[in-house]
Structure formats: C-alpha cells, structure tokens
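Working notes, structure below.
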Amino acid sequence: MDWADELAASVEGPQVVNDSKTPSGTVHVGSLRGPVILDVIARALRARGTATSLLYGIDDLDPMDAQALLTPDAIEHEMGRPLAHVPDQAGDCHPSYARHHAQAFIDTFAGLGIHPDRYYWMSDVYASGVVDPFIRAALDRAEAVRAIYRRVANVQHPADWHPLQVVCESCARIGTTIVTRWDGERVFYECRPNLVSWAHGCGHSGWIPPFGGRAKLGWNLEWAAQWSIFGVTIEPSGKDLSTAGGSRDRADAIAREIFEREPPLNVAYEFLNIGGRKMSTSRGLGVAAHEIVRVVPPEQLRLLFLRPRPQTAIEFDPIGSDAIPRLFDEFDRLADATAGHPVRGELPAGYASVFRYSLLDPGADVAVIAAAFRPAFGHLALLRQIPGVDIDARIETEKGAPLTRLETATVRERTAAADAWLATFAPDKARIAVQRDRIPDEAGALEPDQCTWLGQLAAAALAAVSGPPASGDAWQALIFSTAAAAGLVPGRAFGALYLAFLGRPNGPRAGWLLASLESAFVLERLRVAAGEPVQESA
RNA sequence: GGGCCGUUAGCUCAGCGGUUAGAGCAGUCGCCUUUUAAGCGAUUGGUCCUGGGUUCGAAUCCCAGACGGCUCACCA
C-alpha cells in the first residue's frame, strides 16, 4: 500500500478529502474505484493521526441528460430539468429522481465500508446562498473565465457567453439555458430550443437575479467553488477528468485565477477494464455494480480496487475465467502473510496495509481477522456441487476446531458468493454436472479394460446381498475391491467413472457421487459404458 | 492531435536500483485401500518490447522509438 501511505505521509495539517457525483442513473462496477480510493486515502490519513474529514457531494442540480431511465412520456417533459426537480420514476417514496439514484449509490458505498462524514446536496448548497459570492465572482470576471477556457482547453466560447446556467422560469429546464449579459445584480438568459441535442428549451428569455438556487455555475466553476466552500485539500478524479486540458485542468485554473485559491491535491486514477475495454453496460460489456456485489463480497471488491496503484488500469475479466477465485486467493494470501504465516510468491510492499484497508470495518482487530480460518473459494465452489455435503461440518473438520462466529459468517458469505459465481461467471471447467440424458461423448475414450471393469462393478453392485450400495462409503469400497480384482489401478478406475458420468477425466469423490444418484440410473449407465446391450431409457 | 497507462514464463500478474528474475494457473513426470487425484511432491519454461544513456551494478532510473489499450478534444 505504498501509494496511500505515501500520500498520507506527504501532506501536513488537517485534511478535507472530497469527491462528488451526478446522480444520473445506475452505477457500474468500475465507478466504485473512485469511492474506494477516496476511503482508503481517508483511512491512511487517519492511521497517521491526521485530522481528516471525508465529504461526498451529490450534484443534483445538474440537468437530466440520460433518457434511458425515464418513462417514454416523461422524456420530453423532464429532459434538461435539474435532477433534483425530476420526479422519481421508481415511485418508491423518494422525493425526486436525484434522491432515488443517490440513495442507491449511498447504500452501495455503505455496503463497501465507505462512510463519508457528510453527504452534501448541491441543490441545498445553492439554496443556502453560500455559492452566491462565487457566482458573482464568475460573472464579474466572465472574460477571464473565457480566457481560461481558450488557454487551457482550447475552447472558444462566444464573446457574450457567461459561465452560468439559469433554471428557466417558464419551463424549469436548466440544461437548455444560456446567459448572455450580467448587470451586476441580474443576468439575461435565453432558453434555447437547440442549445443541446438531448433537450429542447422553450424559447423563453428574461432578466433574473441568479442567486439562491435560481442558477448554477458551469461544471468546472462549480467544482472549483466546492473546493473553496468546503476547504477541500485532496480530491481524486478519474482519468476522463484528469486528462490534459480536461475538466480538472480547467477547474484548477479557475480556482487559482478566479477564486484565488490553490486547488486540492489530485489523485488521478485509471478505470476498470473488462477484457481490455472500458465497462459499459449499454455495450453489453461488463457488469452492473449490484450484479458483481452478489459474487464478489465487499472486502474482496475493495482489494480489487485498492491493490493496484491508482494510475494503473485494472484488467478484470470475471466472465468464464478464474479471476474471481484468484481474487479470493490473493485476499487469503495477504491475510496469511499479515498473520505471520509463510506464503508463496512475492508480497507487495506494505501488504499488511493492503489487507487492513481491504477490511470493511476500519476499526477491526486486524490480527484476529487475519488469523481466522477461511476456506478457499474454489474449494467451496466444488463442495457446493456435491450432493449431501454439510458445508459447516466439512469446513470445521478441515480446520480441526470449532468455527468462530467470524469464521462461520465468512463461510456463509463465501458459500453464497460461490453459488452466485457458479450460476453466472464460472467457466464450464469449474462446473460438475452429471450428464443424465445420454452417455457423454468423452466416454468414447474409455479403454477395453476400463469398460470391462465398469460392467463388473455393475454386476457386483447388483449381486450384493443387501442390494446396490446406498452409501458413499459402500460404493467407494466396492469400487476399490472390484478394481483390485480386475487388476485395474484405482486411478484408471476412477477416471472411467468420471468419463462415464461427467464426461471429464476427474471429479468429486466418486463413491459419494454415485450414492447421490438413483441406483437404477447408475447401474444402467455402467452397463452402457461397458458396452453391454441394454436399452437406455430417458 | 493532446494526455495517461501497459508491454516480465503458454495465460494472469508480482517484483520498481542490489545475489542466480518469482507466484498462481496451464504443461510434463511421479505418488492411490480412501484427509475429494479439483490432492500431494517434483519439474520444464523468460533477449524482463526495441535502441541508446546514467551507474560498480538496470526488469527497475533517464531519453528516443514500436506495439496494445483507455481517455479528452460539445456538455456535465
């Protein structure tokens, strides 16, 4: 954890760590990296005894510009209006669209152990009047703002452009208005039908005092104003904003030259890519946050995001791969190392911090958690596919002692994650499925002595005085005895069973697998595999 | 066109100035009357993208280039 601890060591005095987000719709997994980085920075600062407050802003006065989540008849009416003024489409008792979607990501953050000291809503902040001095400064110095856009971003605004958008008094849209004059107390604005492609203004124009929430600063200026209002000293930002000439450069220049304040320390971070491509639910790539959270518990998700340096792109491809089991294994390896156990492979610098910052509870007893027994994810995924396995009892046996409450909770969490993984992302090779309809094609690879033995096993099972074996133990014993009698080494005997039932050369403990199936089916399959002339019924 | 990131074993990656470059998976070989052979043990495999430079010493730092990717360039 060089990066967060080094950052924390490089700053002096009390710190205000801030980030903000427009509550425009669904959050995808990749957009959780910023909040995790934010939280880890705050934890690293506090770990050094630095007074730190963590703020999170909700830019709910931003215009509605994504119609995907609106009902068809609401699109024409709502597009371009402030998100805080758009009704909640879900109808689940939130006062606005913004409140609904903001609540979704606030809940997601809390589930990841991220608890800002305070959430602030820009609609409230504007209404309180604290932004007014910054609106006044921006309007008074509009020419300087335009010059910054030209110089920093090579953006040429018209000579009468002002960095402010008014909420139209006639149609209540904000995304469609442009301010062209400022007399020191009032602005003149127009609500233009074709200012933006995604919403249509009503054509109204007029003079209005732009204070107390009747207007909002342009995005880059609003960002810089937030820094001044809240005294922000550190603010991470994604690479889409951190690029040269991008929003962050403009906001930095505006902070210095218009609001006369040094901008906060930036921590630019890269995105999460799926198979080398940016996640995008609309392109069918990647996975929504609520979807991945079912398969990857919070502490493993935190690890995924905080382990690499922020400026390094994360390649994560959970679909049909072993990426998720590997993530768990890495977590366990870090836990073992933190607990002082020997581990294989190289450890990252500051591995104990990496582990500690991965934990949900910042005040947790790291030594106790690190030393806890935890079953490997891949092992659990296998156990879940074998009928009749009592997971708790099984894991307890492997530990050799009763499970603590923490360990039991971990087993539960991982079991649920393994089930979800098997149902979604797991590659076929991780799945075990008895091929019931007909004998697998792979069984064609059986050699004559294996076929012969399978027939002998069926015969022995049928001839047993007490009928075919009913228990795993009994089947297992019969497998060994008949294989020995046939002169077949056990490995080839088991291999034959796996091919005949699963279509793969290996599998779970064979006796128990057979015991979980009806005897009639088992006997019939054995005979078919042996090449005996039986009719395979459905 | 600008910016950022990456390039290390077949694959995914760690190592980020200091012995002979590591791990997991895959591969190969060995080990079964039963802690699940989805295990255990051993083992193969590398011009650390290329070319210069700095240094006693470079995968690691600097410069240039190649390739791959993301991102910005209208608004937020």
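Each chain gets a letter, A, B and so on, in the order its sequence line appears, and its residues count up from 1.
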Starting at atom [atom1] of [X], determine the distance to atom [atom2] of [N], rounded to an integer number of angstrom.
X: A/Leu61; N: B/rC75; atom1: CG; atom2: C1'; value: 15 Å
X: A/Ile178; N: B/rA76; atom1: CD1; atom2: P; value: 11 Å
X: A/Leu221; N: B/rC75; atom1: CG; atom2: C1'; value: 14 Å
X: A/Glu330; N: B/rG24; atom1: CD; atom2: P; value: 12 Å
X: A/Phe331; N: B/rA14; atom1: CZ; atom2: P; value: 19 Å
X: A/Arg33; N: B/rC4; atom1: CZ; atom2: P; value: 17 Å
X: A/Phe271; N: B/rC4; atom1: CZ; atom2: P; value: 15 Å
X: A/Asp240; N: B/rA76; atom1: CG; atom2: C1'; value: 11 Å

Of the listed nucleotides ([options]), which one gets closest to any side-chain atom of [X]?
X: A/Lys239; options: B/rC4, B/rA76, B/rU34; value: B/rC4
X: A/Arg250; options: B/rG2, B/rA73, B/rC70; value: B/rA73
X: A/Thr312; options: B/rG2, B/rC5, B/rC75; value: B/rC5
X: A/Arg307; options: B/rA14, B/rG69, B/rU34; value: B/rA14

Run A/Asn266 and A/Ser237 through side-chain hydrogen bond (donor to acceptor under 3.5 Å, both in side chains) and show every step you take.
CA-CA 7 Å; A/Asn266 187 17; A/Ser237 62; 3.0 Å; yes
Mind checking if [X] touches a base, just sugar-phosphate, or nothing, with heavy atoms under 4.0 Å?
X: A/Ala153; value: nothing
X: A/Gln476; value: base
X: A/Arg309; value: base
X: A/Gly378; value: nothing
X: A/Ser247; value: base

Is there a side-chain contact between A/Tyr120 and A/Asp124, using heavy atoms and a 4.5 Å cut-off?
no
Inter-nucleotide [atom1] distance ([N], [M]), Å rounded:
N: B/rC49; M: B/rA14; atom1: P; value: 13 Å
N: B/rG17; M: B/rC61; atom1: C1'; value: 8 Å
N: B/rA38; M: B/rC48; atom1: C1'; value: 32 Å
N: B/rA58; M: B/rG1; atom1: P; value: 35 Å
N: B/rU60; M: B/rA21; atom1: C1'; value: 11 Å
N: B/rC13; M: B/rU8; atom1: P; value: 9 Å
N: B/rU28; M: B/rG65; atom1: P; value: 45 Å
N: B/rU44; M: B/rG57; atom1: C1'; value: 30 Å

Confirm from the modelled atom types if A/Thr243 and B/rG2 form a donor-acceptor pair under 3.5 Å, side chain to base only.
yes
Between A/Glu222 and A/Gln311, name the one whose nearest nucleotide on RNA chain B is closer to the 5' end.
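Nearer the 5' end of the strand: A/Gln311.
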Nearest-nucleotide 5' precedence on RNA chain B, A/Pro308 against A/Phe480:
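Here A/Pro308 is the residue nearer the 5' end.
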How far does CD1 of A/Ile234 sit from CH2 of A/Trp227, to the nearest 0.5 angstrom?
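Rounded to the nearest 0.5 Å, the CD1-CH2 separation comes to 13.0 Å.
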Could you give the distance from CG (A/Asp419) to OG1 (A/Thr424), rounded to the nearest 0.5 Å?
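That separation rounds to 10.5 Å.
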Just say parallel, tilted or perpendicular for the rings of A/Trp219 and A/Trp223, cut-offs at 30° and 60°.
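Aromatic pair A/Trp219/A/Trp223 classed parallel.
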Just say parallel, tilted or perpendicular for the rings of A/Trp421 and A/Phe377, cut-offs at 30° and 60°.
perpendicular
Presence of salt bridge, A/Arg333 and A/Glu330, under 4.0 angstrom
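Looking at A/Glu330 and A/Arg333, the cut-off is met.
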How would you list, by chain and number, every residue that makes a side chain to side chain contact (heavy atoms under 4.5 Å, CB included) with A/His85, sequence neighbours excluded?
A/Leu61, A/Arg81, A/Pro82
From the list A/His204, A/Gln165, A/Arg214, A/His162, side-chain contact (heavy atoms from CB on, under 4.5 Å) partner of A/Tyr189 resolves to A/His204
Base-pair map of RNA chain B as dot-bracket, where | denotes pairing with a different strand and pairs are Watson-Crick or G-U under 3.5 Å:
((((((((.[[[[.)..(...]]]].(((((.......))))).....[[[[[..)....]]]]])))))))....
